[in-house]
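Below is one structure, written out as structure tokens; the observations come after it.
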Amino acid sequence: MSTEWSWPASDAGGVLGDGRFAVATDRPRTPEELAEAVRARAAEGLAIYPQGGCTALDYGGVPSRPGVAMSTLGLDRVVDYPHADMTITVEAGMTLAALSAVLAGQGQRLPLDPPEPERATIGGILATQASGPRRFGLGRPRDLIIGVTFASSRGELIKGGGRVVKNVAGYDFPKLLTGSMGTLGVIVQATLKVRPIPETAALVWTPLADAGAVASALERLNVSLTRPVALELLSEPAAREIAGSIDLPIDRYVLVAGFEDNPDSIAWQLEQIRLELDPNDRAEIQGQDCEPLWRALADFQASRIGPFSIQANLCPHSVPGFLDQLDPARMSARAHAGDGIVHAHAIGDWSFEETAAAVSRLQQLAAAEEGYLIVTRCPTDWKSRISVWGLPRADWPLARKVKATLDPLHALNPGRFVDSIETTAGMQTQSASL
Amino acid sequence: MRSNGSVAEHRVLIPARAVAELTAAVGEENVLSRAEEMLVYECDGYLVERSIPDLVVFPTSTAQAAEIVRICNRHGLPFVPRGAGTSLAGGTLSIGGGVMVCLTRMKRILEVSLRDRYAIVETGLVNVFLTRSLGGTGFHYAPDPSSQGACTIGGNVATNSGGPHTLKYGVTVNHVRGTTLVMPDGNVVKTGGKVLDPPGYDLTGLVVGNEGTFGIVTEAVVNLTRDPEAGRTFLAVFDSVDAATETVSGIIAAGIVPAALEMLDNLMIQAVEEAFRFGFPTEAGAVLIIEIDGLEAGLEREARAVAEIVSARGGEIRRSIAWRTRKEPEYVAIWKSRKSAFGAIGRLSPTYCTQDGVVPRTKLPQILRHIVDVGRRHNLRIANVFHAGDGNIHPILLFDERNADEVERVMKASHEILDECIALGGSVTGEHGIGVEKMEFMPKLFSPADLAAMLAIRDAFNPQGRCNPLKMIPGGAGCLEKTGPRRAAPA
Ligand SMILES: Cc1cc2nc3c(=O)[nH]c(=O)nc-3n(C[C@H](O)[C@H](O)[C@H](O)COP(=O)(O)OP(=O)(O)OC[C@H]3O[C@@H](n4cnc5c(N)ncnc54)[C@H](O)[C@@H]3O)c2cc1C
């Protein structure tokens with residue numbers, strides 16, 4: 001590595017997130033070009049910051065070293081779509097919306113509903129393991145990916161998995177790259193399982209007065225005769241935001257059950273759910289009318305209300321109690337209640353001290369039940385003083401080892417994840433292992 | 001190529017000190033050391049190669065497993081994790097000897113939460129025991145390999161097992177939330193846990209399917225899945241294999257996601273019928289077991305769609321089992337016949353070699369025609385029973401191991417079939433793993449850069465190569481000489 005680079009003072013070369021600017025933005029048009037660009041830039045001593053639709057640039061720690069933005073947007077082709085096999089191979093820069101349009105031509109879809117599908121790219125969705133309400137019934141990115149090609153920081157194209165739905169040859173790089181946040185390789189291509197578009201859908205919107213009522217409703221739904229594909233729990237401010245201009249009943253909480261299937265099944269499930277949950281007030285939305293609401297449920301995760309946002313991963317049974325810890329005047333929360341995943345946004349003004357205290361308390365709460373709580377967004381200057389990645393975890397030393405193995409130059413997204421956790425949060429990791 | 005003799009040449013001699021320490025670690029009752037006691041451990045379900053370990057130890061806790069690994073490290077001994085030994089790829093072969101760490105005495109179910117839909121189990125637990133213990137709760141453990149009556153959850157995790165019902169519900173990796181891993185240096189690491197999707201690298205996803213090369217998995221946190229509310233299981237009968245495979249492609253292309261879609265060809269039907277007398281038509285060219293499940297209210301439509309596709313290809317639905325639980329006798333009978341099919345092969349031939357390849361589902365007609373052709377050219381009988389809905393073929397090549405020429409032809413035929421799977425855009429293993437059997441195919445599937453990255457990952461977990469050496473990824477660090485797998489007649 002030659003020259004010492006310094007941080008550019010302007011965004012002329014592009015942005016990296018967290019107020020940091022790129023030395024330049026590379027826009028390769030093919031996987032080979034991208035791999036070569038990565039190799040060349042790393043050889044110049046620059047860090048590589050992979051970018052897709054730039055929907056999650058502020059996710060994780062702060063970029064720690066000057067570098068280039070490596071845009072995948074030029075890689076936006078469908079490589080292979082054997083629709084009768086229900087798989088598709090696409091380049092990483094294609095947006096979910098563009099992919100959905102291709103799939104819809106064959107009556108199919110990728111059953112993922114992360115926020116902002118017009119901007120979010122397949123590579124970005126995979127790298128952040130982004131999912132949405134339907135994950136409860138239809139799975140996460142890790143359940144749909146069967147093959148991956150990524151560029152290493154040495155500029156090699158490396159693949160894992162394949163193009164068939166079942167395949168155990170070699171280590172599961174598709175899983176490893178999913179959720180790796182651009183720190184192990186730049187995903188350039190992926191093969192995904194697709195599904196038929198269901199014939200119809202319904203959403204059952206049920207306001208509930210308190211956490212006790214929520215807990216008992218969720219317990220019943222856990223063994224319901226129906227098979228919801230989504231179970232969303234909204235706190236009052238989240239419910240208002242998601243309902244938007246649609247006239248829907250709202251209480252302290254709203255529970256939304258989503259169904260997708262053929263019309264006979266949907267009709268039966270609606271009848272059944274009326275018997276199983278029987279509050280006075282309820283709204284049922286069916287068919288095409290569901291679309292805006294599904295969309296709002298998915299997009300909630302990306303809203304930027306107050307200064308910070310958090311994500312908690314908990315056991316499903318503790319979701320109602322956890323949401324009850326959040327003051328509805330100050331936090332707006334939505335949970336994928338069937339999976340135990342909570343997203344919450346601060347409302348209004350929060351000082352750093354208030355935030356740090358709240359985050360720390362909630363992190364303890366999550367950890368007490370073997371859960372996790374991360375800060376998905378906050379002002380950059382707080383990141384050195386808040387544990388954005390949560391409390392220290394026993395698997396981090398192993399994660400760091402994996403990182404050092406695949407990115408020995410530490411060129412990919414430095415600062416974002418394991419390579420910087422200790423320094424960012426100024427804490428000791430457990431060194432029980434390795 | 002490793003010759004017959006080379007296995008013996010490379011044998012490590014286990015020092016008496018090590019035996020004493022290992023015995024002290026697990027207790028005398030959990031050690032086997034006499035050759036005749038260890039004979040069953042010289043191979044697994046892959047019968048082509050054999051190598052007896054120097055010692056077999058049965059840990060009864062994670063702490064003991066870790067202690068075993070530390071002792072092996074101190075004495076520089078290779079070790080191989082083993083579950084029930086049903087691997088069909090030689091995954092448990094104790095190459096060059098060493099210590100076999102057998103998990104079958106760690107078989108407790110530690111925790112079950114229906115509300116949070118997980119179970120924590122010790123990995124020596126036999127797959128079906130978990131599902132059985134959940135009977136009546138409305139939940140089950142979804143991955144159901146045909147060998148589920150014998151194989152362990154640990155073996156399933158190590159090989160990322162599939163099964164008939166993983167077509168709709170996903171394979172093992174889709175159902176594992178966390179593992180407790182005794183690393184090859186003796187440290188214990190937990191990946192994941194009962195909470196879904198820990199932020200950061202999916203180490204659990206990486207550990208699943210490692211074929212015992214990352215360490216010993218002693219506990220696993222697995223998903224529990226709701227039982228289907230209702231289902232229909234059809235036995236569809238066809239004159240020809242072609243008509244059956246065309247039907248498979250037709251069902252998938254129509255956007256129907258069956259719970260299971262399995263095929264048996266005529267040779268297999270005869271063997272299974274003779275063994276189980278379920279009522280399979282022995283004159284048929286092929287049968288499909290087609291299962292759909294979901295809500296009773298919605299099933300009728302899907303059933304009609306399936307029936308139309310079957311009859312459009314000249315098939316006939318001979319049996320239709322409508323069920324509300326998977327305990328109904330006719331349902332149990334048809335699946336027992338299917339899942340015991342490999343066992344029934346014994347009636348046709350003294351020895352057989354089960355292959356495991358995958359093709360895109362629309363290419364099933366081509367690959368099955370190819371298999372017929374290969375059988376004809378090499379003058380071999382090949383039976384087929386497989387997970388058709390996934391495109392996961394299992395041609396079973398029948399042979400007599402005393403006939404060296406026939407063994408040779410079986411090997412050639414297997415290679416030709418697997419090469420064709422690759423040519424059709426598929427893979428050489430859908431669920432049985434690479435083991436020792438298929439290492440030579442890895443360079444056909446992966447580039448040198450891909451393999452180097454895989455080796456680097458293995459070295460990160462297993463830097464001395466002491467844990468299950470010379471498996472899965474060709475080359476790399478190892479405490480034994482680097483050799484390719486041999487494909488010779490059993491010694
Ligand atoms: C009749 C028959 C039918 C079969 N049907 C199917 C099927 O439908 N689907 C399918 O996927 N497979 C099938 N198999 C293959 C086999 O049963 C599976 O691979 C199974 O998962 C192996 O489990 P096991 O406990 O026998 O593991 P073993 O054979 O003992 O070991 C398999 C591999 O896993 C490793 N291993 C085992 N336990 C551990 C552990 N605790 N920690 C780390 N590594 C470990 C071993 O080192 C080895 O590499 C079948 C086999 C037979 C004989």
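In what follows, chains carry the letters A, B, and so on, assigned in the order in which the sequence lines appear, proteins first and then strands, with residues in each chain numbered from 1.
Considering only heavy-atom pairs separated by less than 4.5 Å from chain A, the leading option among B/G138, B/A253, B/P360, B/A254 is B/P360. Annotation: maximal heavy-atom pairing with chain B below 4.5 Å, among A/G179, A/A404, A/G162, A/G340, occurs at A/G179. In terms of heavy-atom pairs under 4.5 angstrom with chain A, the leader among B/S447, B/G430, B/G205 is B/G430. Between chain B and the options A/L177, A/N262, A/L406, the largest number of non-hydrogen pairs under 4.5 Å is found for A/N262. Between chain B and the options A/I197, A/L184, A/D172, heavy-atom pairs under 4.5 Å are most frequent for A/L184. Ranked by non-hydrogen atom pairs under 4.5 Å with chain B, the options A/S318, A/P316, A/P174 are led by A/P316. Heavy-atom pairs under 4.5 Å with chain A were tallied for B/F461, B/F446, B/Y118, B/F139; the largest tally goes to B/F446. Per-residue heavy-atom pair counts under 4.5 Å with chain B were compared for A/G139, A/A267, A/G170, and the maximum is reached by A/G170. Among the candidates B/N210, B/L451, B/I457, the residue making the largest number of heavy-atom pairs closer than 4.5 Å to chain A is B/I457. Ranking B/E300, B/R115, B/E211 against chain A, the residue ahead of the rest is B/R115, based on heavy-atom pairs under 4.5 Å. Among A/P263, A/G338, A/G60, A/G160, the residue making the largest number of heavy-atom pairs under 4.5 Å with chain B is A/P263. Heavy-atom pairs under 4.5 Å with chain A peak, among B/G162, B/G209, B/G255, at B/G255.
The shortest non-hydrogen separation linking B/A449 to A/L157 is CB-O, 4.2 Å. When all heavy atoms of B/V257 and A/P196 are compared, the closest pair comes out as CG2-CD, 4.2 Å. Summarising the geometry of B/A460 relative to A/T405, their closest heavy-atom pair is CB-OG1, 3.4 Å, with the distance given to 0.1 Å. Closest non-hydrogen pair, B/M454 versus A/Y171, comes out as O-CE1, 3.2 Å. In terms of heavy atoms, B/P199 sits closest to A/W389 at CB-CZ3, 4.0 Å. Closest of all the heavy-atom pairs between A/E369 and B/V195 is O-CG2, 4.1 Å.
Using a 4.5 Å cut-off between heavy atoms, A/E199 touches chain B through its side chain atoms alone. When heavy atoms are compared at a cutoff of 4.5 Å, B/L295 approaches chain A solely by way of its side chain, counted from C-beta outward. Using a 4.5 Å cut-off between heavy atoms, B/L299 makes no contact with chain A at all. Residue contact with chain B, scored on non-hydrogen atoms closer than 4.5 Å, involves the side chain of A/E156 exclusively. Only the backbone of A/T178 comes within contact range of chain B, judged by heavy atoms closer than 4.5 Å. No part of B/V207 comes within reach of chain A, as not one of its non-hydrogen atoms sits under 4.5 angstrom from that chain. With a 4.5 angstrom heavy-atom cutoff, B/S113 does not touch chain A via any of its atoms. Only the side chain of A/M181 comes within contact range of chain B, with heavy atoms under 4.5 Å apart. With a threshold of 4.5 angstrom between heavy atoms, B/H432 approaches chain A through N, CA, C or O but not through any side-chain atom. With a threshold of 4.5 angstrom between heavy atoms, A/I374 approaches chain B through side-chain atoms but not through N, CA, C or O. For A/P82, no part lies under 4.5 angstrom from a heavy atom of chain B.
Side-chain contact between A/R393 and B/P198 is present, with at least one heavy-atom pair separated by less than 4.5 Å. A/V165 has its side chain within reach of B/R361: a pair of non-hydrogen atoms, C-beta onward, lies under 4.5 Å apart. Contact check for A/R400 versus B/Y201: no side-chain heavy atoms found under the 4.5 Å cut-off. Counting only heavy atoms from C-beta outward, the side chains of A/R135 and B/L196 approach each other to under 4.5 Å.
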side-chain hydrogen bond (donor to acceptor under 3.5 Å, both in side chains) for A/N222 and B/R226? Distances and angles first, verdict last.
CA-CA 9 Å; A/N222 189 46; B/R226 286 299 304 283; over 6 Å; no
What verdict does the side chain to side chain contact (heavy atoms under 4.5 Å, CB included) test give for B/L203 and A/V402, after you've listed the backbone C-alpha separation in whole Å, the side-chain angles of each residue and the deciding distance to 0.1 Å?
CA-CA 9 Å; B/L203 296 175; A/V402 168; 4.0 Å; yes
List the steps and the verdict of side-chain hydrogen bond (donor to acceptor under 3.5 Å, both in side chains) for B/D197 and A/N313.
CA-CA 7 Å; B/D197 302 346; A/N313 299 36; 5.4 Å; no
The test is salt bridge (charged side-chain N to carboxylate O under 4.0 Å, His left out); show your working for B/R301 and A/D264 and say whether it passes.
CA-CA 8 Å; B/R301 277 167 172 258; A/D264 294 349; 3.0 Å; yes
Check against side chain to side chain contact (heavy atoms under 4.5 Å, CB included), B/V208 and A/K175
CA-CA 10 Å; B/V208 175; A/K175 300 286 178 299; over 6 Å; no
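Take B/N156 and apply the side-chain contact (heavy atoms from CB on, under 4.5 Å) test, not counting sequence neighbours, and it matches B/N127, B/P145, B/C151, B/I153, B/S161, B/T172. Taking the side-chain contact (heavy atoms from CB on, under 4.5 Å) definition, one finds that B/T62 meets it with B/M106, B/T180, B/V182, B/V188, B/T218, B/E219, sequence neighbours left out. In this view, A/H83 and A/Y81, A/Q106, A/Q108 satisfy the side-chain contact (heavy atoms from CB on, under 4.5 Å) rule, not counting sequence neighbours.
Under the 3.5 Å distance criterion, with hydrogens and angles disregarded, no donor-acceptor pair is assigned to the side chains of A/R142 and B/N174. Judged purely by distance below 3.5 Å, without hydrogens or angles, the side chains of B/T191 and A/D395 never pair a donor atom with an acceptor atom.
More than 12 heavy atoms of other residues, nucleotides or ligands sit less than 6.0 Å from atom NZ of A/K159. The 12-atom threshold is not exceeded at CD of A/E370, counting heavy atoms of other residues, nucleotides or ligands nearer than 6.0 Å.
Rounded to the nearest 0.5 angstrom, B/D116 CG and A/L314 CG are separated by 10.0 Å. Interatomic distance, B/L364 CG to A/D85 CG, rounded to the nearest 0.5 Å: 9.0 Å.
Below 4.5 Å, heavy atoms of chain B meet no heavy atom from residues 146-154 of chain A.
By the 4.0 Å N-to-carboxylate-O rule, A/K166 lies close enough to B/E431 to be salt-bridged with it.
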